[in-house]
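Have a look at the structure below, then the notes.
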Amino acid sequence: MWAPGDQVLIRHVLRGRVLHALPVTIVDARPDLLTTWIAPETPIAYPLGLENGTLLPLDRWKVELRTWFDPGALDLTVPGRAHMLRLFWEPHGGFRGWYVNLQEPLAWTSRGWDTTDNQLDLWVEPSGEVTWKDEDHLEQAVGHGMFSPEEAIAIRAEARRVIDEWPFPTGWEDWRPDPGWELPELPPGWDAVPD
Ligand SMILES: [Mg+2]
């Protein structure tokens with residue numbers, strides 16, 4: 001397993017295409033929870049799959065190289081689960097909220113792990129208010145044949161499960177990154193499948 005400060009590569013893969021690649025730093029790695037930090041200015045590959053707010057068919061998606069924004073984000077990933085929790089902070093400190101990314105359970109690779117983004121997301125305010133995001137994109141993905149109707153039902157069910165379980169706060173809300181960590185690089189071959 002990994003130690004704090006190790007760097008790993010997290011990717012979103014669909015139909016053999018790498019749509020998103022994030023080199024991140026391991027904060028804590030346990031069999032039941034992977035905690036990873038996306039530092040600001042990290043070079044990433046980012047999916048461009050929308051046109052005028054509507055999801056495009058996969059063959060029209062582009063992948064852009066860019067950098068992650070300030071002030072970074074902390075991801076909590078439970079192996080075997082079909083979601084990940086992402087913690088966001090304000091640029092100068094205060095906790096901003098939790099983003100629940102619905103995604104496929106992770107698959108280990110030589111440099112980290114792969115998943116598939118399942119379009120649907122939840123945003124949870126520190127007050128506990130929940131917003132369902134991108135339900136339209138999930139429907140459009142089904143229309144494009146990216147997911148089956150049955151898969152979409154399972155994706156929504158996982159979102160409801162997270163709300164029922166209510167894993168907030170996570171205990172990581174006051175966490176801060178080690179200032180000594182080096183900024184990761186997007187490694188060569190990040191878009192090769194399999195890694
Ligand atoms: Mg998402």
Side-chain angles (χ1 to χ4, degrees), residues 8-24 33-38 42 44-69 72-89 96-107 109 112-125 129-168 170 172 190-191 193:
V8 300
L9 184 65
I10 300 174
R11 312 189 305 174
H12 291 179
V13 181
L14 183 60
R15 305 272 154 76
R17 277 186 73 190
V18 178
L19 301 170
H20 190 25
L22 276 166
V24 302
L33 180 65
L34 296 157
T35 306
T36 52
W37 169 241
I38 315 169
T42 299
I44 64 168
Y46 188 82
L48 300 177
L50 296 176
E51 191 171 79
N52 300 323
T54 300
L55 199 75
L56 293 165
L58 189 57
D59 59 5
R60 293 181 58 199
W61 285 40
K62 293 188 170 66
V63 177
E64 180 181 87
L65 299 179
R66 57 165 75 168
T67 55
W68 192 267
F69 53 89
L74 188 73
D75 290 353
L76 307 182
T77 307
V78 176
R81 290 299 301 268
H83 73 276
M84 168 271 281
L85 303 181
R86 177 166 287 167
L87 282 68
F88 284 103
W89 288 269
R96 198 170 128 209
W98 302 275
Y99 187 90
V100 183
N101 196 56
L102 282 303
Q103 61 184 38
E104 287 304 292
L106 66 83
T109 63
W113 59 90
D114 285 352
T115 180
T116 299
D117 185 61
N118 282 339
Q119 291 302 324
L120 183 67
D121 310 293
L122 302 175
W123 173 254
V124 184
E125 294 281 347
E129 186 183 335
V130 177
T131 306
W132 289 64
K133 289 184 71 238
D134 301 342
E135 291 182 272
D136 52 341
H137 295 164
L138 177 58
E139 279 177 33
Q140 290 154 12
V142 173
H144 293 320
M146 293 160 70
F147 307 118
S148 69
E150 293 74 23
E151 286 169 329
I153 289 169
I155 292 164
R156 291 192 196 95
E158 176 75 353
R160 278 192 293 274
R161 206 171 292 126
V162 173
I163 294 171
D164 287 346
E165 293 169 355
W166 202 254
F168 316 110
T170 63
W172 290 92
W190 61 267
D191 54 351
V193 175

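Remember, it's 1-based here, ligands and their atoms both numbered in the order they're listed. Keep in mind that what you see is a predicted model, and the values were worked out from it rather than measured.
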Practice task
Assign the ring pair Phe69 / Phe88 to parallel, tilted or perpendicular, where the plane angle (0 to 90°) is split at 30° and 60°.
Solution key: parallel
Problem - Euclidean distance, Trp123 CH2 relative to Arg86 CZ, rounded to 0.5 Å - result: 11.0 Å
Practice task
Say whether, by atom type as modelled, one donor and one acceptor occur between the side chain of Gln103 and the main chain of Thr115 under 3.5 angstrom.
Solution key: no
Exercise for the section: For the Mg ion (ligand 1), report each protein N, O or S atom nearer than 2.8 Å, sorted by chain and then by residue number. Expected result: Asn101 OD1, Asp117 OD1, Asp121 OD1
Practice task
Measure the shortest side-chain to side-chain distance between Leu55 and Trp61 over non-hydrogen atoms and say whether it is less than 4.5 angstrom.
Solution key: yes
Exercise for the section: Verify the neighbour count for atom OH of Tyr99: are there more than 12 heavy atoms of other residues, nucleotides or ligands below 6.0 Å? Expected result: yes
Problem - Reported OH-to-NE2 distance for the pair Tyr46 and His20, which is rounded to 0.5 angstrom - result: 6.5 Å
